[in-house]
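Whatever order the structure lists them in is the order used to number ligands and atoms, beginning at 1. Values below: every heavy atom of this structure, side chains too, minus hydrogens, waters and symmetry copies. Remember, predicted model here, so these are calculated numbers, not experimental data.
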Amino acid sequence: MSMLNTLAVAGGGIGGLATALALGQTGVRLNVYEQADAFTETGAGIGLGPNAMRVLDQWGLSSELRSTGCIPEYLQSRRADDGRIAGRLPMGQSYIEKYGAPYLTVHRADLHQILLEAVKKQAVTELFLNHTLMAIDVRSQDIDLKFQEINESHQTMALVGADGLHSRVRTSILGADEPVSSGHWAYRALLPMHSLPQTIQESHIGIWMGKRLHVVHYPVRGGEFLNIVVLVETTGHQSQAGWDVLRSTEQINADLKQVLQGCCNELQALINRVENWRAWCLFDRPPLQRATQMARGRVALLGDAAHPMLPYLAQGAGMAIEDAACLAVQWQRIDLPVEQRFLNYAQARWQRVSRVQQRARRNGTIFHADGWLRLARDTALALGGSYMIDLPWLYAG
Ligand SMILES: Cc1cc2nc3c(=O)[nH]c(=O)nc-3n(C[C@H](O)[C@H](O)[C@H](O)COP(=O)(O)OP(=O)(O)OC[C@H]3O[C@@H](n4cnc5c(N)ncnc54)[C@H](O)[C@@H]3O)c2cc1C
């Protein structure tokens with residue numbers, strides 16, 4: 001199938017759909033190839049900073065996002081061992097005034113669905129399920145795409161790899177380089193909000209910081225559920241990145257019981273309410289060092305395919321959304337060759353994304369600190385050190 005006037009996107013996750021929406025809104029013909037047999041998102045909640053929300057607002061998704069998401073009033077950090085409040089940062093209206101958009105918490109399936117519905121309304125976008133991209137042949141005039149178990153080959157003028165952490169598109173342009181296992185695990189769950197203590201039900205993001213672990217919770221689905229994530233450093237069990245299908249709920253509960261031994265009763269009681277956890281092994285890559293790690297010729301990378309990061313700044317999806325907006329702007333330079341447009345996109349993006357990747361790693365060290373670093377952190381938070389969490393270079397950038 002020859003589609004030389006179209007752009008191809010590999011991957012229909014948040015990054016791929018954001019790309020389809022951003023480019024589609026400027027009239028670009030685009031095909032999205034997703035390996036799964038349905039467009040879905042696994043996982044629970046996601047936090048979207050004002051930087052990502054401003055983009056989503058511009059794409060016309062404000063009302064849908066606000067009706068299913070939540071705008072927490074404040075962020076409260078507490079010590080996991082004794083429950084003491086370390087600091088409180090106003091968010092809600094104060095973020096809207098400061099950054100022109102709220103900090104929003106949303107179920108990731110809801111965000112994905114909102115993007116999907118918007119993309120489906122675009123006549124210029126075609127969506128292909130069950131299309132696992134296997135090989136890419138970059139020729140002088142086009143790029144030939146080959147799919148697993150499908151006797152079709154598609155030609156496209158340019159390709160965007162939004163195919164996630166183990167991106168095949170990335171391997172084809174940068175060579176094989178494995179993502180880095182952090183040895184950290186995320187245990188995620190949803191709890192019905194009505195059953196929880198009033199202090200937890202308040203509209204806020206809660207962060208509990210302990211030795212080699214932290215816990216984050218916030219409301220999703222209009223406040224109907226609490227999204228809760230326990231993030232721990234372990235040295236034992238390793239896995240591929242992704243849901244750990246090998247461990248039973250009993251094993252996960254036993255792991256968590258051990259890890260949370262030194263935590264206060266209030267936190268343990270909250271954690272013990274969860275019956276079904278899902279465990280996720282966390283991977284990232286070293287921060288980007290140059291633009292050519294995001295684009296080569298007529299192939300560009302976007303989202304986790306380009307710059308996977310630890311979730312400790314809650315910006316992986318946010319950066320994918322920003323990437324998509326930037327790519328759409330650069331793609332409109334039709335006076336330039338495709339190669340130059342992609343390179344301009346990469347040049348505009350790599351330094352910011354690299355800084356976010358670095359900061360995400362650093363946040364892990366700060367959140368999980370012990371000894372003098374923990375003392376410094378708690379002192380800074382007690383003195384109103386909101387600069388540790390409220391980052392104008394990120395949210396206003
Ligand atoms: C525990 C945790 C918490 C997080 N919290 C936040 C948060 O609060 N805020 C935030 O902004 N980010 C957060 N993130 C990060 C965020 O989830 C990711 O950065 C984001 O989902 C990446 O989107 P993506 O589209 O680039 O990749 P993916 O979501 O991985 O999507 C890739 C898509 O490509 C498809 N695919 C893969 N290979 C192929 C192929 N060969 N052919 C065709 N299709 C293919 C996959 O099926 C998938 O649909 C968190 C991540 C984790 C693990």
L116 and its side chain to side chain contact (heavy atoms under 4.5 Å, CB included) partner, picked from L111, L21, L17:
L17
Counting only heavy atoms, which portion of L48 has something under 4.0 Å from ligand 1: side chain, backbone, both, or neither?
neither
Identify which of L302, L133, I321 has a heavy atom lying nearest to atom 40 (C) of ligand 1.
L133
Which residue and atom name correspond to the protein heavy atom nearest atom 28 (P) of ligand 1, and how close is it?
G164 CA, 4.2 Å
For atom 37 (C) of ligand 1, what's the nearest protein heavy atom and its distance?
D163 O, 3.3 Å
Identify which of E34, R108, Q315 has a heavy atom lying nearest to atom 46 (C) of ligand 1.
E34
The protein heavy atom nearest to atom 31 (O) of ligand 1 is G13 CA, 3.7 Å
Is atom CZ of R362 surrounded by more than 12 heavy atoms (other residues, nucleotides or ligands) closer than 6.0 Å?
no
Looking only at distances, please establish whether an N/O atom of ligand 1 is found under 3.5 Å from an N/O atom of G45.
no
For the residue pair W208 and H217, does the interplanar ring angle fall in the parallel (under 30°), tilted (30 to 60°) or perpendicular (over 60°) class?
tilted
Here the gap from Q76 atom CD to E202 atom CD, rounded to the nearest 0.5 Å, amounts to 8.0 Å
Separation between CD1 of I252 and CG of N276, rounded to the nearest 0.5 Å:
9.0 Å
Give yes or no for whether the N/O distance cutoff of 3.5 Å, strictly under, is met between G318 and ligand 1.
yes
Side chain to side chain contact (heavy atoms under 4.5 Å, CB included) partner of L159, the single match among L301, I136, N31
I136
Are any of the N or O atoms of R168 closer than 3.5 Å to those of ligand 1?
no
Heavy atom of L282 under 4.0 Å from ligand 1?
yes
When you compare ligand 1 with G316, is there at least one nitrogen or oxygen pair between them that comes in under 3.5 angstrom?
yes
Which side-chain N or O atoms in residues 307-325 pair as donor and acceptor under 3.5 Å with protein atoms at least two apart or in another chain?
residue, atom, partner, partner atom, Å
H307, ND1, G303, O, 3.3
H307, NE2, D323, OD2, 2.7
Y312, OH, H184, ND1, 2.8
Q315, OE1, N51, ND2, 3.0
Q315, NE2, N51, OD1, 3.2
E322, OE1, R349, NH1, 2.8
E322, OE1, R349, NH2, 3.1
E322, OE1, R352, NE, 2.8
E322, OE2, N51, ND2, 2.9
E322, OE2, R352, NE, 3.4
E322, OE2, R352, NH2, 2.7
D323, OD1, R349, NE, 2.6
D323, OD1, R349, NH2, 3.1
D323, OD2, G303, N, 3.0

Is the shortest side-chain heavy-atom distance between P90 and Y95 below 4.5 Å?
no
Is the shortest distance from a Lys or Arg side-chain nitrogen in R66 or D57 to a carboxylate oxygen in the other one below 4.0 Å?
yes
If you draw a 6.0 Å radius around NZ in K257, do more than 12 non-hydrogen atoms from other residues or ligands fall strictly inside?
no
Atom 12 (N) of ligand 1: which protein heavy atom is closest, and how many Å away?
A317 N, 3.1 Å
What do we get for P308 next to ligand 1 when only non-hydrogen atoms under 4.0 Å count, side chain, backbone, both or neither?
neither
Any N/O of G47 closer than 3.5 Å to an N/O of ligand 1?
yes
Of all the atoms in ligand 1, which lie at a distance below 4.0 Å from a heavy atom belonging to Y33?
43 (C), 44 (N)
Taking R221 as the fixed residue, which of T105, N227, D110 is the one that meets the side chain to side chain donor-acceptor pair (under 3.5 Å) rule?
D110
Tell me the nearest of R278, H184, Q35, M309 to atom 45 (C) of ligand 1, using heavy-atom distances.
Q35
Part of W280 with heavy atoms under 4.0 Å of ligand 1, whether side chain, backbone, both or neither:
side chain
What residue and atom, counting heavy atoms only, is the protein's closest point to atom 25 (O) of ligand 1, and at what distance?
G15 N, 2.8 Å
Closest protein heavy atom to atom 18 (C) of ligand 1, given as residue, atom name and distance to 0.1 Å
D304 OD2, 3.5 Å
Return yes or no for this condition: an N or O of A314 is under 3.5 Å from an N or O of ligand 1.
yes
Among non-hydrogen protein atoms, atom 32 (C) of ligand 1 lies closest to A162 O, 3.5 Å
As a quick check of understanding, evaluate side-chain hydrogen bond (donor to acceptor under 3.5 Å, both in side chains) for Q251 and D255, giving each step before the final call.
CA-CA 6 Å; Q251 283 170 313; D255 284 359; over 6 Å; no
Using the six-membered ring wherever Trp is involved, compare the ring planes of F128 and H154 and label them parallel, tilted or perpendicular (cut-offs 30° and 60°).
perpendicular
